[in-house]
Structure formats: structure tokens, C-alpha cells
J.: 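Before we start, here is the structure in question, set down as C-alpha cells.
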Amino acid sequence: MNRIIISGGGTGGHIFPAISIANAFRERFPDTEVLFVGAENRMEMEKVPAAGYRIVGLPVAGFNRKQIWKNIAVLLKLRKSIRIARQTIREFRPDVVVGVGGYASGPTLRAAEKAGIPTVLQEQNSYAGVTNKLLSKKAACICVAYPEMGKFFPKEKIVLTGNPVRQDLQDIQGKQDEALAFFGLDPSKKTVLVVGGSLGARTINRSIIKGLPEIAASDVQWIWQTGKYYFEDAQKALAEFPGAPVHLTAFISRMDLAYAVSDLVVSRAGAGSISEFSLLGKPVILVPSPNVAEDHQTKNAMALVKEQAAILIRDAEAESRLVPETLQVVRNEERVAELSSNIFRLALPDAASKIVDEIIKVIKK
């Protein structure tokens with residue numbers, strides 16, 4: 001029986017791939033014991049148990065780069081996290097520890113290294129995070145989603161696997177009618193899907209609010225997912241345009257149906273989302289978040305733009321450009337088809353299964 005720890009989280013972009021890896025492992029080896037290690041008070045503490053797995057929470061937090069003095073508390077939390085991680089490794093006795101990025105993966109993988117347990121890294125972004133760069137020196141294998149990652153990691157350890165995506169998104173064929181009914185949409189109209197991640201994206205929401213007069217007057221319908229923090233403001237703004245062709249929601253429970261019915265997507269440029277768009281061949285306008293470490297979302301977006309596989313609108317320009325350009329693109333069937341074909345070409349399917357292959361090789365060694 002295999003015993004595996006998967007560590008990391010903080011955002012859906014880390015958590016969903018982690019759960020996909022666990023599910024793929026369990027599918028192949030049903031008696032595998034999987035334990036997650038995440039950060040306390042982050043979304044993994046809710047999402048992982050909901051997926052049927054046990055999780056240990058660490059009090060770890062990110063460094064405050066602006067107010068350095070606040071990092072005294074961060075260091076104390078880190079010390080406590082290292083202690084809990086070591087104890088977890090000692091008690092669970094894993095065969096391998098997999099790091100998917102995020103605060104918790106640092107202490108957990110360091111503790112595994114100290115205990116002589118092999119580690120595997122999964123880097124989702126086209127620009128590697130600081131934690132993974134530090135951990136790569138001792139990792140047995142590094143699974144990546146973009147080519148040319150040798151500038152961050154030892155080349156001989158890199159395997160191009162792609163990013164695992166949520167299993168329910170693998171098959172959206174034939175769900176069009178169900179999706180139209182679910183969102184209450186008109187089958188004769190083009191549909192734009194706007195997503196800002198589970199918590200929402202302030203700039204994207206502000207841009208849609210500013211563009212509501214154009215949206216209300218247009219022949220295009222919208223599914224607008226605001227995230228929980230921005231829902232009330234969006235609701236108030238939309239109330240001024242009765243009859244606007246907009247399905248408003250704080251959270252989309254059926255992303256498979258949202259993708260099935262959308263002709264064009266507007267999104268941040270998180271690595272997990274990009275992997276989903278690629279696998280499904282979804283044309284996308286990306287508005288990278290400027291508030292992420294090393295500006296990696298812009299780098300993710302640029303990797304697609306270089307292949308003419310996405311349109312990039314910078315955060316600072318979104319309020320003036322996003323709605324008019326989205327309406328222009330979605331009506332241009334040739335452009336939509338070109339974006340769809342180019343992004344689909346970049347897809348790396350069966351990523352979770354390929355990562356399981358690599359983990360098994362490491363356990364066997």
C-alpha cells in the first residue's frame with residue numbers, strides 16, 4: 001500500500017490540481033493512503049475534506065514584502081509549521097511527498113527532505129515560484145506545465161506533464177442544452193463567460209459594471225461570476241439595467257456547463273484556469289492579476305499571446321478596453337475560431353495520470 005502526502009494550496013489553482021493528482025492515484029491504486037497538508041484558514045481546509053480526503057493545517061503565512069516588521073509573526077508561524085510538518089511526516093510515514101506550490105508546501109517538503117523521504121514538485125506556472133525554486137535542488141522529479149523551465153530548475157529532473165484539471169471538466173460535449181437551461185440563456189445569442197476566480201477579481205468586476213450600458217444594448221448574453229466579495233455591488237449596478245442579458249452569480253457550481261455554453265471567456269491568467277481553457281479549446285481574453293508574486297500571471301498570459309492563443313488586456317487598461325473588445329471579438333467568428341484552434345494546440349491532456357506515473361517511478365527507486 002502506497003502512502004502519499006500532498007502539500008500546498010492557498011488558491012483554487014493549487015488545490016484543484018492537488019485533488020486531481022490524489023484522485024488519479026486512488027483510481028489506479030484504490031488502497032493508497034493520501035494525506036493533505038495545507039495552510040490553516042485557507043480554502044484547502046474546506047475543499048479537501050469535501051473531496052473526501054484528510055488534511056492537516058499549518059499556521060504558515062506568506063511574507064509581507066511591504067511592511068517588513070510584520071514578518072516577526074510570520075517567522076514564529078513558520079517555526080510552528082515546521083514543527084507540525086515534522087511530526088506529521090513522523091506519524092504518517094509517507095513513501096513520497098508531493099508539493100503543488102503555496103505556503104504549506106515549503107515546511108512540509110523541507111521536513112520530508114530531512115527525514116530522507118523523496119519529494120516530487122508540481123509547478124503550474126510558466127514562471128516558477130520562489131518556494132519551488134528552493135525545493136527543486138533536492139526534489140527527485142519536477143513536473144511542469146510549460147516548456148523551457150530549465151532556466152528555473154535542474155534540467156535533468158524536469159518532466160513536461162501539463163497541469164491536472166478538475167475531472168468533471170474533461171467532457172463538456174453534448175451538454176449545450178443542459179447548460180442553456182441551467183443558466184436560462186437564449187440559444188440564438190453568443191455567450192461570454194466572465195470569471196474572476198473563487199474570490200473574484202476587482203478590476204474585471206469594475207470593468208463589467210462600467211460596460212453595463214454597452215452590454216445591455218448588445219445582442220450578446222453574459223454569465224458573470226463576481227466572486228463573493230463583489231456580488232452585492234454587481235447586483236446593485238445590474239438592477240439599473242432591467243432586462244440586460246446577464247446571468248449574475250457569486251459562484252458557479254457547474255463550471256462544466258458554463259464552459260459548454262460559452263463562446264468566449266474573460267478571466268485572470270492563473271495557471272490552472274489556462275490549462276482548462278487549453279484542454280477545452282476555449283477562446284479567452286486574459287486580464288492578469290498584478291497582485292501575484294513575480295507577476296507570474298502576466299508571464300502565463302504572454303506564453304499564450306506569443307502563440308496567438310489568447311488576447312491580453314492589462315489590468316490598468318481593463319476598465320476602458322475590456323467590454324468593447326470582448327463584444328468585438330465574440331462577434332468575429334473567424335477570430336474566435338483561430339483563438340480556439342491555437343489554444344487547443346497547446347493542451348497537455350492526461351496530466352494527472354502522467355504525474356502519477358512519475359510519482360510511481362520515484363517510489364520504486
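Heavy atoms only: backbone and side chains are in, while hydrogens, waters and symmetry mates are out.
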J.: Is there a side chain to side chain contact (heavy atoms under 4.5 Å, CB included) between Asp219 and Arg331? Walk through the geometry before answering.
T.: CA-CA 9 Å; Asp219 53 346; Arg331 293 182 183 121; 3.2 Å; yes
J.: Are Asn205 and Trp224 side-chain neighbours, meaning at least one heavy-atom pair lies under 4.5 Å?
T.: yes
J.: Between Ser353 (side chain only) and Asp350 (backbone N and O only), is there a donor and an acceptor less than 3.5 Å apart?
T.: no
J.: Hey, what do you get for CD1 (Ile343) to CD1 (Ile274), rounding to the nearest 0.5 Å?
T.: 7.0 Å
J.: Assess the pair Tyr127 and Phe152: is the distance between their ring centroids shorter than 6.0 Å?
T.: yes
J.: Could you check whether any side-chain heavy atom of Gln308 comes within less than 4.5 Å of a side-chain heavy atom of Glu338, counting everything from C-beta outward?
T.: yes
J.: Distance check, rounded to the nearest 0.5 Å: Leu264 atom CG versus Arg335 atom CZ?
T.: 10.0 Å
J.: What do the steps show when you test Cys141 against Lys157 for side chain to side chain contact (heavy atoms under 4.5 Å, CB included), and what is the final call?
T.: CA-CA 5 Å; Cys141 168; Lys157 295 180 181 181; 5.8 Å; no
J.: So which atom in Thr131 and which in Ser105 form the shortest heavy-atom distance, rounded to 0.1 Å?
T.: CG2-OG, 3.8 Å
J.: Decide yes or no on salt bridge (charged side-chain N to carboxylate O under 4.0 Å, His left out) for Asp357 and Arg28, but give the supporting numbers first.
T.: CA-CA 10 Å; Asp357 291 341; Arg28 226 184 285 184; 2.7 Å; yes
J.: Determine the minimum heavy-atom distance between Arg54 and Val48, stating which atoms define it.
T.: O-CG1, 4.3 Å
J.: Would you check, one step at a time, whether the test side chain to side chain contact (heavy atoms under 4.5 Å, CB included) holds for Glu240 with Leu212?
T.: CA-CA 9 Å; Glu240 292 178 32; Leu212 279 173; over 6 Å; no
J.: Are the side chains of Leu58 and Tyr103 in touch, meaning some heavy atoms are under 4.5 Å apart?
T.: no
J.: Other residues, nucleotides and ligands only: do more than 12 of their heavy atoms fall within 6.0 Å of NZ on Lys133?
T.: yes
J.: Do the side-chain N and O atoms of Gln221 and Thr191 include a donor-acceptor pair separated by under 3.5 angstrom?
T.: yes
J.: Could you state the interatomic distance from CG (Leu257) to OG (Ser262), rounded to the nearest 0.5 Å?
T.: 10.5 Å
J.: Is any side-chain heavy atom of Ile208 closer than 4.5 Å to one of Trp222?
T.: yes
J.: Any non-hydrogen side-chain atom of Lys354 less than 4.5 Å from a side-chain atom of Leu160?
T.: no
J.: Decide whether Phe182 and Val194 are clustered together by the hydrophobic rule: side chain heavy atoms of Ile, Leu, Val, Met, Phe, Trp, Tyr closer than 4.5 Å, transitively.
T.: no
J.: Do Ile363 and Ile6 sit in one hydrophobic cluster, given that two such residues count as connected whenever their side-chain heavy atoms are within less than 4.5 Å of each other, even indirectly?
T.: yes
J.: Would you confirm whether Ser340, through its side chain, and Val336, through its main-chain N or O, come within 3.5 Å as a donor-acceptor pair?
T.: no
J.: Would you find more than 12 non-hydrogen atoms of other residues, nucleotides or ligands less than 6.0 Å from Glu148 atom CD?
T.: no
J.: To the nearest 0.5 Å, what is the distance between CD1 on Ile223 and CG on Leu248?
T.: 11.5 Å
J.: Kindly give the heavy-atom pair with the smallest separation between Tyr146 and Ala303, and that separation in Å.
T.: CE2-CB, 3.9 Å
J.: Nearest 0.5 Å please: distance from the CE atom of Met302 over to the NZ atom of Lys306.
T.: 8.5 Å
J.: Distance-only, no hydrogens or angles: does the Glu33 side chain make a donor-acceptor pair with backbone N or O of Arg3 under 3.5 Å?
T.: no
J.: Are Phe25 and Ile360 packed together at the side-chain level, in the sense that at least one heavy-atom pair is separated by less than 4.5 angstrom?
T.: yes
J.: For the pair Lys175 and Tyr259, evaluate side chain to side chain contact (heavy atoms under 4.5 Å, CB included) and give the outcome as yes or no after the intermediate values.
T.: CA-CA 9 Å; Lys175 290 185 177 178; Tyr259 282 140; over 6 Å; no
J.: Taking Asp315 first and then Arg206, would you say they form a salt bridge - that is, a charged N and a carboxylate O separated by under 4.0 Å?
T.: no
J.: Is there side-chain contact between Asn125 and Lys299, with at least one heavy-atom pair below 4.5 Å?
T.: no
J.: With hydrophobic residues grouped by side-chain heavy-atom distances under 4.5 Å, do Val330 and Phe344 end up in a single group?
T.: no
J.: Side chains of Gln122 and Asn163: any donor to acceptor distance under 3.5 Å?
T.: yes
J.: Regarding Asn342 and Arg345, is there a side-chain donor-to-acceptor distance under 3.5 Å anywhere?
T.: yes
J.: So which atom in Phe183 and which in Arg254 form the shortest heavy-atom distance, rounded to 0.1 Å?
T.: CZ-O, 4.2 Å
J.: Please report the closest heavy-atom contact between Ala271 and Asn300, naming both atoms and the distance.
T.: N-ND2, 3.6 Å
J.: I'd like to know whether CD of Gln176 has more than 12 heavy-atom contacts from other residues, nucleotides or ligands below 6.0 angstrom.
T.: yes
J.: Salt bridge or not between Glu333 and Lys190? Use side-chain N to carboxylate O under 4.0 Å.
T.: yes
J.: Between Tyr53 and Asn23, is any pair of side-chain heavy atoms under 4.5 Å apart?
T.: yes
J.: Should Met149 and Leu109 be regarded as members of a common hydrophobic cluster, given that ILVMFWY residues are connected when their side-chain heavy atoms come within less than 4.5 Å of each other, either directly or indirectly?
T.: yes
J.: Grab the two heavy atoms, one from Thr226 and one from Ala234, that are nearest each other, plus how far apart they are.
T.: CG2-CB, 3.6 Å
